[in-house]
Amino acid sequence: MKAVVLSKAYDPKTFEDRIYQRWMEKGLFAPEGEGSDPFTIVMPPPNVTGILHMGHALNNSLQDILTRYHRMKGRPTLWLPGTDHAGIATQNIVEREIAKEGLRRQDLGRERFLERTWLVKDRHHAIIKKQLEKIGSSCDWSRERFTMDEGLSHAVREAFVTLYERDLIYKGEYLVNYCPKCGTALADDEVEYQEVAGTLWNVRYPYSDGSGFITVATTRPETMFGDVAVAVNPTDERYTHLIGTMVSLPLTDREIPIIADSFVEKEFGTGMVKITPAHDPNDYQAGIRHNLERINVLNSDGTLNENVPAAYRGISAEKARVLVVKDLVDGGFITGEKEHNHEVGHCYRCHTIIEPYLSNQWFVRMQGMAEKALKAHQDGKVIFYPRRWENTYTHWLENIHDWCISRQLWWGHRIPVWECQACGERIVSREDPTACPACNSTDLRQETDVLDTWFSSWLWPFSTLGWPEKTSDLATFFPTSTLVTGYDIIFFWVSRMIMASLEFLGEVPFRDIYITGLVRDKQGRKMSKSLGNGIDPLEVVDQYGADAMKFTLCYMATQGQDILIDMDSFRLGSRFANKVWNATRFILMNLEGAELLDAETVPRNTLDRWIYHQLNNAARKIEQAMDSYKFNEGAQAVYDFFWNDFCDWYVESAKRNLYSDDAAEKSRQVTLLLDLLAQSMRLMHPFASFISDEIYSQLPNVSDELIMSTYPEWRDDLESATDALFVSRMQEAVSSIRALKADLSIPADRKVAVVIKVDDDFAATDFFVENQSLIASFMGASSLVIDDGADTKGAVPVAGTGYESFVFVGEAIDVKAEIAKLEGEVAKSEKALEAVRAKLGNEKFMTNAKAEAIEKEESKRAEFEEKIEKGKKHLALLASFL
RNA sequence: GGCCGGAUAGCUCAGCGGGAGAGCGAUUGCCUUACACGCAAUUGGUCGGGGGUUCAAAUCCCUCUCCGGUCACCA
């Protein structure tokens, strides 16, 4: 074979783009094979509003690892990518954009506004796709979807009409969360509560008969024009006599009754609450209980409307509050005010304070679907990793509210409902109607509202596969295997997907749900634009490479734990990749003159069997890790095997064979090294895809595509406990000599003579003898003699397990220091031995403990006894040097 | 207020019933013909406090303290 020359330095920039290009050209991301057990992931679609952040990088890295792993395991594997139209968020972006031109969306009109929005969508989509490619995502782009593409729009339409036909969709006037800035209703979950410093005012409401007044407490005096009653707790003895009497509403000429309702807390404020059904969720419910009128005092833009005295009309609620308070003070109605912190709802998109607002909206009845989703979980049809997130899921479903799905936006799926202007007939239809089925009028008007973005997202696992058509993709890949997502959207999305799948297909959409942690900065803060502490995935790729990023994230992805990182964190993956590169470079530069043999049949010595044993164990560890979604353990197994076993010991031990004059031996060694390299690349490909591919494609012993090659499986015949024991004894012997040398400040390149004396029952004697020169070079020994009769006069003794080493260090030794050190070690062993003996002498331990625990204690006893015995002997020896 | 999570080496975290681990950092020695993004060695911990269960507890139970998350109708 000819040597293969790799560039001197690991430089991911020189090959990552090229390799991704090749994967794409060869169509290697498309599902392959006829297996009956496909592996499918649908990518949580990123919003087309921005660029991917570190959270996306984590998510998609883990999905890529799963995808590549299962693909190599031979399953037909599909990772389906796509993006989300993100109704409010995207519309906000466009509105901000046109605002710079001094325009509002109304100025453009619906059609032109949407044209601009599509342009924004295209722009962001291109960026997102580029980013996913840069980080190496092996998703099948030929199946990419968008929540507003034709097929998905069709699915949305089908879902809406089906639910309507099943009487699960209704329209009505309800109090909903309304964002005055975005100008639309929001679902309950889209409201974020934040503590706000407010004021609690005590306001006098005079009795109608002029005989005095009551005092109510309120944080929102400006809504008093919508008051229709004052409520007290029915058991509140201070006020029971007042129930049924009337008070007059200040600043107006209206009179309202005092009513009793148990929701009122006696202790809070004055124990009297003004009831404003059109502007407070509690009051709304109370209004229903007492059959009260609902007086809406707000316009949709958050200003006061015609239901308030003229002086306040058209003024924003915030400003009106100041005015109202001033007027109340002037009128002598305010009797007190105090600071009051309370939770106030904010829009999750623009953070404006939410108004509870009475309006006509569309809702989905959730109760029945929620029950089915709960049952599916109880029956074990979906499993959360980590387990604890199931509480979030079940708690939300057990307290489900009907889902407000109408949004007063333009960007989204327009609600497929028409109203006949002639007869008022409502038409809900899969096809756009042309005439009213009741009166034949053609004067039909479609709903102007669009659907909540999540109304398309909740269909994602099957709409992307072609539903409602019965496509072969749907038949093959649904239900999908695993969902990888963050915990912030368990109710927004995860539980709704489960409900939709059960409702429309009668099956759960996926079995495993892996919930990732959040990516935070080193101080544990969320990465955010406002803090400026975010890390751009592309910058990481630019600085360290895509493999370094994926490997590092995976290595740190402990189940259930947030990930704290900064730019430097990625050095972990980068260093590993560099190590892989250089180890490979070294092996490939030494091929010259060697003949490639059959790695399976070439003779293997102890070290060879040992490294295959370690490789085998790594494969098993990774399999266990992947099956239980312990990504960090998988990455760690790869890292430890390649670095600590393969590079530090095996490749080092192979050097003498590579430099050997014995051509047969060199060929044998090269063959094994190349095989181990190929297997290592397979092992690490899911975790470090580009570098493994770049190397694999240059190996002379393989010619297939790494991405499609077979993942190493655990093999019984590669297990070799004896060889593993031998090598660990060698490692112990080598380390102890290196430590002694370092301890005595003997430079590594100054060789010392070493003698090893083995115990009669030492199993690795032959192995030690056969590898004498290798062990000597590992130790930095000028000579190594393995002979029980050798003269060790003047040598420093070092204890080993089953043998003793004697090192001729000459003048270097500080006998007193060595004695002190050894005394410490012996004392430690004696203490440990004492504990072990106590255990073994404990009757309860002997009767209760498992047999293997007792066995282990016994072997510990032997081990400590050996250490102490040798230690004492060595102490005596050292003492004689003085 | 309810529920959940975390508290282990200077830092970030694994381990979750049988002898305290990794990476980074620090210290020391080495440019040993793959790698100084390296090699070798060393340092470093009453596993948050208290109690209990057990032959055995960082690991299970109770309790307290401190951080974090999440849900909830206190006007």
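Computed from a predicted structure; not experimentally measured. The sequence lines fix the lettering, A, B, ..., with proteins before strands; numbering per chain opens at 1.
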Is A:Phe491 touching bases, backbone alone, or none of the nucleic acid, heavy atoms closer than 4.0 Å?
sugar-phosphate
Expressed as a whole number of Å, how far does the C1' atom of B:G5 sit from that of B:G38?
40 Å
Runs of at least three Watson-Crick or G-U pairs with RNA chain B, cut-off 3.5 Å
B:1-7 with B:65-71, B:10-13 with B:21-24, B:26-30 with B:38-42, B:48-52 with B:60-64
If the plane angle is over 60° it's perpendicular, under 30° parallel, otherwise tilted; pick one for A:Trp581 and A:Tyr10.
tilted
Ring-face cation contact, A:Tyr239 with A:Lys266, 6.0 Å cut, 45° max
no
Is there a side-chain contact between A:Asn644 and A:Trp649, using heavy atoms and a 4.5 Å cut-off?
no
Using the C1' atom on both, measure B:G45 against B:U12 and round to a whole Å.
16 Å
Can you find a heavy atom in the side chain of A:Leu200 that is under 4.5 Å from one in the side chain of A:Thr218?
no
Generate the contact string for nucleotides 10-15 of chain B. Rules: B means base contact, S means sugar-phosphate contact only, - means no protein heavy atom under 4.0 Å.
--SSS-
Residue pair A:Lys844/A:Ala217 against RNA chain B: nearer the 5' end by closest nucleotide is A:Lys844
Within the pair A:Arg520 and B:G6, is there a side-chain N or O less than 4.0 Å away from OP1 or OP2?
no
Roughly how many Å is it from CG in A:Leu553 to C1' in B:G23, rounded to a whole number?
15 Å
Is there a side-chain contact between A:Trp643 and the phosphate of B:C39, meaning an N or O under 4.0 Å from OP1 or OP2?
yes
What nucleotide among B:G5, B:A75, B:A41 has an atom nearest to a side-chain atom of A:Arg388?
B:G5
Remember a base hit wins even if backbone is also touched, and classify A:Tyr555 as base, sugar-phosphate or nothing at under 4.0 Å, heavy atoms.
sugar-phosphate
Between B:A75, B:A34, B:C55, which nucleotide has the shortest distance from any of its atoms to the side chain of A:Thr218?
B:A75
Closer than 4.0 Å, any side-chain N/O of A:Thr392 to the OP1 or OP2 of B:C3?
no
Side-chain contact check for A:Asn842: nearest option of B:G23, B:G18, B:C55 is B:C55
Check whether the side chain of A:Lys839 and the base of B:C55 form a donor-acceptor pair under 3.5 Å.
no
For the residue pair A:Glu732 and A:Thr801, confirm or rule out a side-chain donor-acceptor distance under 3.5 Å.
yes
At 4.0 Å (heavy atoms only), tell me whether A:Lys8 reaches a base, stays on the sugar-phosphate, or touches nothing.
sugar-phosphate
Do A:Arg220's NZ or CZ and the ring of A:Trp201 fall within the cation-pi criteria of under 6.0 Å and 45°?
no
OP1 or OP2 of B:A36 sitting under 4.0 Å from any side-chain N/O of A:Arg575?
no
Spacing of the P atoms in B:U27 and B:U43 (rounded, Å):
15 Å
Is A:Lys751 close enough to B:U32 that one of its side-chain N or O atoms is under 4.0 Å from OP1 or OP2 there?
no
Selected nucleotide, minimal atom distance to A:Phe263 side chain, candidates B:C35, B:A75, B:G25:
B:A75
Give a yes/no on whether any side-chain N or O of A:Tyr659 is located under 4.0 angstrom from OP1 or OP2 of B:A34.
yes
What nucleotide among B:G69, B:A34, B:C35 has an atom nearest to a side-chain atom of A:Asn578?
B:C35
So, A:Asp227 and A:Thr276: side-chain donor and acceptor under 3.5 Å apart, yes or no?
yes
Heavy atoms under 4.0 Å, any strand shown: does A:Asn848 hit a base, just sugar-phosphate, or nothing?
base
Indicate yes or no: at least one non-hydrogen side-chain atom of A:Thr584 is less than 4.5 angstrom from one of A:Leu677.
yes
If you check the A:Asn582 side chain, which of B:A75, B:C71, B:C35 turns out closest?
B:C35
How are the rings of A:Tyr393 and A:Phe384 set to each other: parallel, tilted or perpendicular (split at 30° and 60°)?
tilted
Which residue, A:Tyr555, A:Tyr639, A:Tyr544, A:Phe687, forms the ring-ring contact (aromatic ring centres under 6.0 Å, His included) with A:Phe576?
A:Tyr639
P atom, B:C47 versus B:G21: distance in rounded Å?
14 Å
If I take atom NZ in residue A:Lys860 and atom P in nucleotide B:C55, what distance separates them, rounded to the nearest angstrom?
18 Å
Closest of B:A34, B:G5, B:C73 to the A:Asn282 side chain is B:C73
Where the side chain of A:His395 is concerned, which of B:G25, B:C71, B:G18 is the nearest nucleotide?
B:C71
A:Ser574 or A:Arg220: which one's nearest nucleotide on RNA chain B is closer to the 5' end?
A:Ser574
Tell me what A:Lys655 touches on the nucleic acid: a base, only sugar-phosphate, or nothing, going by heavy atoms under 4.0 Å.
base
Same-atom distance (C1') from B:G48 to B:A56, integer angstrom:
23 Å
What residues form a side chain to side chain donor-acceptor pair (under 3.5 Å) with A:Asn632, not counting sequence neighbours?
none
Whether the A:His279 and A:Glu355 side chains hold a donor-acceptor pair (N or O, under 3.5 Å, no angle test) is what I'd like checked.
no
Please state the C1' separation for the pair B:U28 and B:U70 - nearest whole angstrom.
49 Å
